[in-house]
Amino acid sequence: MTEGIDTIMHFAAQTHVDNSFGNSFEFTKNNVYGTHVLLEACKVSGQIRRFIHVSTDEVYGETEADAIVGNHEASQLLPTNPYSATKAGAEMLVMAYGRSYGLPFITTRGNNVYGPNQFPEKLIPKFILLAMQGKPLPIHGDGSNVRSYLFCEDVAEAFELVLHKGEVGHVYNIGTHKERRVLDVAKDICRLFKLDAEKSIQFVDNRPFNDQRYFLDDKKLKGLGWTERTPWEEGLQKTMDWYMKHPDWWGDVSGALLPHPRMLAMGAMDKSADYTQISELSDGQMKTTELHANGHPVQI
């Protein structure tokens, strides 16, 4: 680090839970080892005044359906999938560097973020792009899983506040109490596109494990002066408008729009799926094998 950097906001990570059920080693490499590399660079530089480590609400694990109080910053970490386990592991490394080397870190754990520019492996942009293409909106399981969504501009304000007013060594939840079933999210997007939800929504196999609910106590962050500003309807409309104007922003994302866009490794394939090799394709630079899994094209 020779550029005089004194502040790091560490967002970089593999974050899509469904992918972590495919090639989980990539999540360990990126989320744990990648964080460790960054921490070592900070230690060597000796010039970091703030290290903001961006974690996730999923490190707390599943919240009970009838819980009326959310997980607070001192709640036990009980991750339930490879993705959240690697994020919890990264948190432990950050904490250790704080204790061992005096790294001035602050950790955030946030609910789901949505908005313009988001890669369409995530639920909301995925459903929007599929709706734009007139394709079914695939829902894992019965759609009863509950999630909380924050518009990206509100989350950006939270990070700015934590950076300037957060206390070193502390954790801050970035959350909302406005929860929605995945099924209701799909129905809201159908409504925006004037689609018949009964015909547009397709129920598909669930993940190996799918947390029913994440619920955060956000009092600590609100104590710094943060508040959620963007209503769900407004944020969803802004997001849809952006994708309507930029339908090809991400190029070919057909793989991300599959019901289960896992980064398949040969050793981690779903043994119950019917994989059929179709052909080998070559563009002169790289060769891929195209497969069908239960009738759905995937690439490895």
Side-chain angles (χ1 to χ4, degrees), residues 1-17 20 26-61 70-113 148 150 152-176 214-228:
M1 290 186 179
T2 59
E3 297 84 359
I5 295 170
D6 64 6
T7 302
I8 291 177
M9 301 191 76
H10 178 30
F11 290 89
Q14 292 273 3
T15 65
H16 192 47
V17 175
S20 79
E26 283 297 310
F27 283 71
T28 301
K29 183 173 73 175
N30 285 278
N31 298 352
V32 180
Y33 182 71
T35 298
H36 201 168
V37 169
L38 190 56
L39 291 169
E40 273 295 299
C42 293
K43 184 188 75 172
V44 171
S45 77
Q47 63 191 28
I48 302 304
R49 297 171 56 193
R50 282 288 187 278
F51 185 98
I52 310 300
H53 179 66
V54 181
S55 192
T56 171
D57 58 357
E58 296 195 35
V59 296
Y60 294 120
N71 285 301
H72 55 81
E73 287 82 356
S75 294
Q76 186 177 6
L77 304 190
L78 296 168
T80 60
N81 58 65
Y83 158 63
S84 57
T86 61
K87 292 297 286 186
E91 281 197 34
M92 297 302 102
L93 278 171
V94 172
M95 186 186 303
Y97 271 68
R99 290 290 183 90
S100 296
Y101 306 111
L103 180 72
F105 75 92
I106 300 172
T107 297
T108 66
R109 298 175 184 147
N111 283 148
N112 290 25
V113 182
S148 301
L150 284 167
C152 56
E153 292 175 2
D154 295 338
V155 178
E157 290 180 359
F159 282 121
E160 184 176 19
L161 191 64
V162 167
L163 173 63
H164 294 291
K165 294 187 177 181
E167 189 170 346
V168 168
H170 281 232
V171 177
Y172 293 89
N173 288 337
I174 304 176
T176 175
Y214 305 118
F215 189 45
L216 294 180
D217 183 324
D218 59 354
K219 294 189 190 74
K220 188 173 179 179
L221 182 61
K222 286 182 175 177
L224 294 182
W226 180 81
T227 185
E228 180 183 6

Could you give the distance from [atom1] ([X]) to [atom2] ([Y]), rounded to the nearest 0.5 Å?
X: H72; Y: N173; atom1: NE2; atom2: CG; value: 9.5 Å
X: T7; Y: I52; atom1: OG1; atom2: CD1; value: 8.0 Å
X: L38; Y: I48; atom1: CG; atom2: CD1; value: 8.0 Å
X: T176; Y: D218; atom1: OG1; atom2: CG; value: 7.5 Å
X: E157; Y: L221; atom1: CD; atom2: CG; value: 11.0 Å
X: S55; Y: Y60; atom1: OG; atom2: OH; value: 8.5 Å

- [ ] For the residue pair Y97 and E40, confirm or rule out a side-chain donor-acceptor distance under 3.5 Å.
- [x] yes
- [ ] Could you verify whether a donor N or O on one side chain and an acceptor N or O on the other, from Y214 and E58, lie under 3.5 Å apart?
- [x] yes
Open item on the list: Using modelled atom types and a 3.5 Å cut-off, is there a donor and acceptor pairing between side-chain atoms of N31 and backbone atoms of A13?
Closed with: no
Task: Sidechain-backbone polar pair: K43 side chain, G102 backbone, donor-acceptor under 3.5 Å - done: no
- [ ] Might you work through the side-chain contact (heavy atoms from CB on, under 4.5 Å) test for C42 and I8, ending with a clear yes or no?
- [x] CA-CA 9 Å; C42 293; I8 291 177; 3.4 Å; yes
Grab the two heavy atoms, one from [X] and one from [Y], that are nearest each other, plus how far apart they are.
X: P79; Y: A85; result: CB-N, 3.6 Å
X: L216; Y: G110; result: CD1-C, 4.1 Å
X: R50; Y: L163; result: NE-O, 3.9 Å

TODO: Would you check, one step at a time, whether the test side-chain contact (heavy atoms from CB on, under 4.5 Å) holds for R109 with L77?
DONE: CA-CA 11 Å; R109 298 175 184 147; L77 304 190; 3.9 Å; yes
How about [X] and [Y]: do any of their side-chain heavy atoms sit closer than 4.5 Å?
X: V54; Y: M9; answer: no
X: Q14; Y: T86; answer: no
X: T15; Y: Y83; answer: yes

TODO: Apply the test side-chain contact (heavy atoms from CB on, under 4.5 Å) to residues F51 and R49: give CA-CA distance (whole Å), side-chain angles for both, the deciding distance (0.1 Å), then the verdict.
DONE: CA-CA 7 Å; F51 185 98; R49 297 171 56 193; over 6 Å; no
Task: Check against side-chain contact (heavy atoms from CB on, under 4.5 Å), L161 and Y172 - done: CA-CA 11 Å; L161 191 64; Y172 293 89; over 6 Å; no
Task: Partner of E228 under side-chain contact (heavy atoms from CB on, under 4.5 Å), chosen from D154, I174, V155 - done: D154
Task: Flag if over 12 foreign heavy atoms under 6.0 Å of CZ, F11 - done: yes
